[in-house]
Amino acid sequence: MPDQIWWKRGIVYQIYPRSFQDTNGDGIGDLEGIRRRLDYLAWLGVEAIWISPFYPSPMADFGYDVCDYRGVDPMFGTMEDFERLVEDAHARDLKVILDFVPNHTSEEHPWFRQSRQSRDNDRRDWYIWRDPAPNGGPPNNWISNFGGSAWQWDEATGQYYYHAFLKEQPDLNWRNREVREAMYDAMRFWLDRGVDGFRVDVIWHLIKDAEFRGNPPNPSFQPSQAEINRFLQVHSADQPEVHEVIAEMRSVLQEYPERVLIGEIYLPLERLVAYYGEDLKGAHLPFNFQLLQASWRAEEIARLIVEYEDKLPDGGWPNWVLGNHDQKRIAARVGLEQARLAGMLLLTLRGTPTMYYGDEIGLGEVQIPPEAVQDPWEKNEPGLGVGRDPARTPMQWEDGANAGFTAGKPWLPLAADNGDCNVACLRDDKNSILSLYHQLIHFRQRHPALSVGSFELSGAEGNVLAFERRHGDERFRIVLNFSKENRSCAIPRGSKARIVLSTALDRTGEELDGSVELRPNEGILATLERD
Ligand code: GLC
Ligand code: CA
């Protein structure tokens, strides 16, 4: 394997800790649960786990509202549990990436409690306080990502504070030097405990316009959309000064060897690539979410891959994301058959893949009855389909009560078919989606052409995508049939071609002579040798 740093060559696996494995019967996953499942993750073959927040929190936004950046919420366990988890993960060569939430704290964080005490409190300037607009009302038209004005009136001190998300999540003022130092120290706290990097929550939000100018209206807004789309977010996020902050975070990581900085960024491509930073001193991996939003057609996917490859800065390492805790699951977006194809795409593209727990067993959309809704966004803006609970349901491990997730009552319902759709069953089925993921991951890791090799588009027509990956003498061709019909696709002549994997897992070894016949929804990975 060529000498490449772990976060370039390996796969990142996201764990939503509430939903992975419960060990004390309260129906909510915990750190000890993750530890007990490490053998599974090592078997699967991923390189790193990214764990969504487990810090002390009132859980208004399920942990993305932090009230202590240096602790573990008792709901998830103790600091000893965390240390044991890191130790056991490292013993299996698994890296541990934490979710860092610097844009906002919980309203219950001691900093905010102090900040709201009086206008001359030492911590007043740690948050974003503004007077009402000249004619009264909120200081400007900025909207919360979860609906409603982003400004909350504070009676006691007669000012508004800004919250890009819930009112229980006041935004920190990242123009304040003390805030920055406090947060960098929090990062060091975890780095000193051996964590291998951070996924930084809403990193493009950290700095807002210095003059708090109003956002312009969005001409293509539809009333069926979440309210945040009413305006274009030109002044409330993605400000040039954010790159200086990210460079500082990066230098904190540089104090330690081989740590990774991943940024959560929902922006159009040309804005996104700026987050690699000047001289690549920004995020190592600004998350590339294009597959989450793309219309699922070969020609469209080809276009966005080529555009992404083209816009990457020199030396910038690509990455691809298929799902996360904020998005509809891939199997729900494209169906179970295409979910297998999507897995093959994710694991054969050039760049670090990020997988979302449960996608490897084809977990689909779990219907949440109205009375069981948990997500605060869904509660704020019901009926628009913004709810994130369906993508956060418990991992399904075995055929038994609650699929082995909990001995108690799960915080969200499991999929109805959990008796079949679970790790134990699918592991024994050599044609299952889990077996496909397992083989793809291990194949990718054994073959530098797939993990770190070059990429070249071979073609995209008739809803079939074909591309090549190469490294040294190794050459692979990937052909993916996005359609629900049979398709025939040419394979270069003058090279011996053999299938090494099909999404159906039943064609390994088949020799190809000038073309490949694909079944509906089928993808194949073939090795090409010069003869
Ligand atoms: C990020 C998280 C999301 C959270 C929001 C506010 O987008 O992924 O789950 O609600 O930030 O912290
Ligand atoms: Ca628990």
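Counting begins at 1 with the first residue of the sequence. Indexing begins at 1, ligand by ligand and atom by atom, following the structure's order.
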Of all the atoms in [X], is at least one N, O or S atom closer to the Ca ion (ligand 2) than 3.0 Å?
X: Ile28; result: yes
X: Asn24; result: yes
X: Asp30; result: yes

- Pair Tyr266-Asp238, side-chain donor/acceptor within less than 3.5 Å: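 Asp238 and Tyr266 do not have a side-chain donor-acceptor pair below 3.5 Å.
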
- Task: Please say which of Phe287, Tyr13, Phe198 ends up in a ring-ring contact (aromatic ring centres under 6.0 Å, His included) with Trp50.
- Result: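 Only match with Trp50 under ring-ring contact (aromatic ring centres under 6.0 Å, His included): Phe287.
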
- From the options Trp397, Tyr437, Phe20, select the one residue that forms a ring-ring contact (aromatic ring centres under 6.0 Å, His included) with Tyr40.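 So the option named by the test is Trp397.
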
- Which residue, Asn145, Asn103, Asp61, forms the side chain to side chain donor-acceptor pair (under 3.5 Å) with Gln169?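 With Gln169 as partner, Asn145, Asn103, Asp61 yield a single side chain to side chain donor-acceptor pair (under 3.5 Å), made by Asp61.
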
- Message: With side chain to side chain donor-acceptor pair (under 3.5 Å) as the test, pick out the partner of Tyr127 among Asp171, Thr105, Asn173.
- Response: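 Answer to the side chain to side chain donor-acceptor pair (under 3.5 Å) test with Tyr127 among Asp171, Thr105, Asn173: Thr105.
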
- Message: Could you identify the N, O or S atom of Asp26 positioned closest to the Ca ion (ligand 2)?
- Response: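 It is OD1 of Asp26.
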
- Message: Of all the N, O or S atoms in Asp22, which has the shortest distance to the Ca ion (ligand 2)?
- Response: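 Looking at Asp22, the N, O or S atom with the least distance to the Ca ion (ligand 2) is OD1.
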
- Query: Hey, do the aromatic rings of Tyr275 and His243 have their centres closer than 6.0 Å?
  - Reply: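 Ring centres of His243 and Tyr275 closer than 6.0 Å.
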
- So which residues, sorted by chain and number, lie with a heavy atom under 4.0 Å of ligand 1?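 Only Asp61, Tyr64, His104, Phe146, Phe165, Gln169, Arg199, Asp201, Val202, Glu264, His325, Asp326, Arg388, Arg392 have heavy atoms that fall under 4.0 Å of ligand 1, ordered by chain and number.
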
- Query: Can you tell if the side chain of Phe112 reaches within under 4.5 Å of the side chain of Cys67, non-hydrogen atoms only?
  - Reply: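 No. Closest side-chain heavy atoms not under 4.5 Å.
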
- Query: Take atom CG in Asp122; do more than 12 heavy atoms of anything else shown fall under 6.0 Å from it?
  - Reply: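 At most 12 heavy atoms, drawn from other residues, nucleotides or ligands, come within 6.0 Å of this atom.
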
